[in-house]
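So the structure is just underneath, and the comments pick up after that.
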Amino acid sequence: WGSLGHITTAFIASHFVSNTTEAYFKTLLRNDEPDYLASVASWADSIRYTKWGRFTKNFHFIDAHDNPPFSCDVDYERDCKESGCVISALANYTDQSLDPTLAPWLRAQAAKFVVHFVGDLHQPLHNEDVALGGNRIYVKWDGRDYNLHHVWDTSIAEKWLGAHGKPYPIALRWANALAVEISDGKFAEEKDGWLKELDFEDSIATAMAWSRECNAFVCTHVFPEGPAAIAGQELGGAYFDAAGPVVERQVARAGYRMAVWLDHIADEFQ
Ligand code: DCM
Ligand code: DCM
Ligand code: DCM
Ligand code: ZN
Ligand code: ZN
């Protein structure tokens with residue numbers, strides 16, 4: 001996701017974490033404000049092109065070598081690179097977050113990666129190999145040229161919200177609205193199902209279940225007619241009408257699951 005998506009997932013998570021989790025992460029991240037999670041949600045993107053952070057660049061996605069729209073699936077052995085992927089990275093930084101022998105600043109850094117990678121794991125094109133996750137496919141968006149990856153990272157959410165510009169206030173409003181939908185609205189019935197695959201004893205299996213669920217949208221909503229058919233097409237109309245609800249649900253799922261994941265990490269230090 002772009003900053004808007006990441007900040008929103010983190011604000012949603014801060015709605016649903018327990019009080020002890022909130023206190024734990026406010027101390028660890030040295031931020032006592034309501035944005036203690038949101039303020040670190042995009043940090044992993046800010047370091048990926050630095051010399052120090054280069055080793056993390058493949059941690060934001062998994063290149064599923066499937067065949068949309070005919071067959072979608074993710075296979076950890078096949079698709080996670082030697083240098084890592086979002087699945088291995090989430091498992092790894094979750095382990096670091098849970099390690100009481102690590103210095104607090106390292107646990108803080110690990111937690112910042114966890115917040116970011118739970119988000120990216122829920123973007124369909126971060127679970128797909130085709131055209132570098134859509135980066136090499138150019139499309140029209142309300143008459144302007146964008147690559148398909150950017151459309152899914154940012155453009156769909158912005159149009160869904162009818163808002164452009166500084167992500168922070170937009171994300172805060174979106175997160176507040178989605179928190180209500182999760183608690184009492186259109187997602188209230190399904191939210192328990194969002195935790196069905198969650199297994200704290202097996203981060204890889206949990207992340208893979210979420211990855212497969214997300215990758216399925218590549219066949220149904222990202223490339224419904226296949227990758228070749230989408231190049232050069234205007235996506236701001238009927239395509240957006242179908243994609244908007246997918247982005248909304250995936251952002252809501254990421255935030256709700258992030259809260260439970262962070263509760264588990266904080267529980268280790270009670
Ligand atoms: N932080 C930390 N240890 C570091 C760097 C940052 O605990 N080595 C915390 C302090 C901030 C938050 O992470 O609350 C965001 O840091 P940054 O300014 O690096 O985004
Ligand atoms: N299919 C196709 N071209 C491809 C891949 C699959 O025409 N490159 C067709 C063959 C099957 C259907 O799609 O009838 C389902 O494929 P799969 O077995 O990959 O799900
Ligand atoms: N990306 C992806 N899958 C790939 C390559 C990149 O999901 N195989 C993502 C990571 C970034 C965006 O696409 O969010 C742009 O990547 P880059 O800046 O590396 O081109
Ligand atoms: Zn992206
Ligand atoms: Zn990322």
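This chain uses plain numbering: 1 for the first residue, then up along the sequence. We count ligands from 1, going down the list as the structure has it; atoms in each ligand are counted the same way. The structure displayed is predicted, hence computed values, not measured ones.
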Closest non-hydrogen atom pair, F25 against L262 =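 For F25 versus L262, the nearest heavy atoms are CE1-O, 3.5 Å.
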Result, protein N, O or S atoms below 2.8 Å from the Zn ion (ligand 4), excl. waters, equals 4
Considering H126, H149, H60, which one's heavy-atom position lies nearest to atom 12 (C) of ligand 3?
->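 It is H149 that holds the nearest heavy atom.
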Apex the Zn ion (ligand 5) - arms NE2 from H116 and OD1 from D45 - angle rounded to 10° | 80°
For the pair [X] and [Y], name the ring-plane relationship: parallel under 30°, tilted 30 to 60°, perpendicular over 60°.
X	Y	result
Y256	W194	perpendicular
H126	H149	tilted
H150	Y146	parallel
H122	W210	tilted
F113	F117	parallel
W152	Y239	perpendicular

Side-chain donor-acceptor pair under 3.5 Å between D263 and T21, yes or no?
->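 T21 and D263 do have a side-chain donor-acceptor pair below 3.5 Å.
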Distance only, no hydrogens: is a donor on one side chain within 3.5 Å (strictly under) of an acceptor on the other, for N176 and H15?
->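 Yes, H15 and N176 have a side-chain donor paired with an acceptor closer than 3.5 Å.
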Between D153 and ligand 3, which part of the residue brings a heavy atom under 4.0 Å of the ligand: side chain, backbone, both or neither?
->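 Only the side chain of D153 comes within reach of ligand 3.
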Where's the contact between K81 and ligand 3, heavy-atom distance under 4.0 Å: side chain, backbone, both or neither?
->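 The answer is neither; K81 stays 4.0 Å or more away.
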Give me the residue, atom name and distance of the protein heavy atom closest to [atom].
atom	value
atom 10 (C) of ligand 3	R48 NH2, 3.5 Å
atom 15 (C) of ligand 3	N135 OD1, 3.6 Å
atom 3 (N) of ligand 3	F61 CG, 3.3 Å
atom 18 (O) of ligand 3	Y49 OH, 2.1 Å

Using a strict 4.0 Å cut-off to heavy atoms of L125, name the atoms of ligand 3 that fall inside it.
->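 Counting from 1, the qualifying ligand atoms are 7 (O).
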Give the numbers and elements of all ligand 3 atoms closer than 4.0 Å to a heavy atom of D63.
->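 Taking each heavy atom of D63 in turn, ligand 3 has 3 (N), 4 (C), 8 (N) under 4.0 Å.
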Check the pair D75, H65 against side-chain hydrogen bond (donor to acceptor under 3.5 Å, both in side chains), reporting the backbone distance first and the verdict last.
-> CA-CA 8 Å; D75 184 303; H65 290 73; over 6 Å; no
So E213 and K196, salt bridge (charged side-chain N to carboxylate O under 4.0 Å, His left out) or not? Walk me through it.
-> CA-CA 12 Å; E213 170 193 78; K196 200 177 50 169; over 6 Å; no
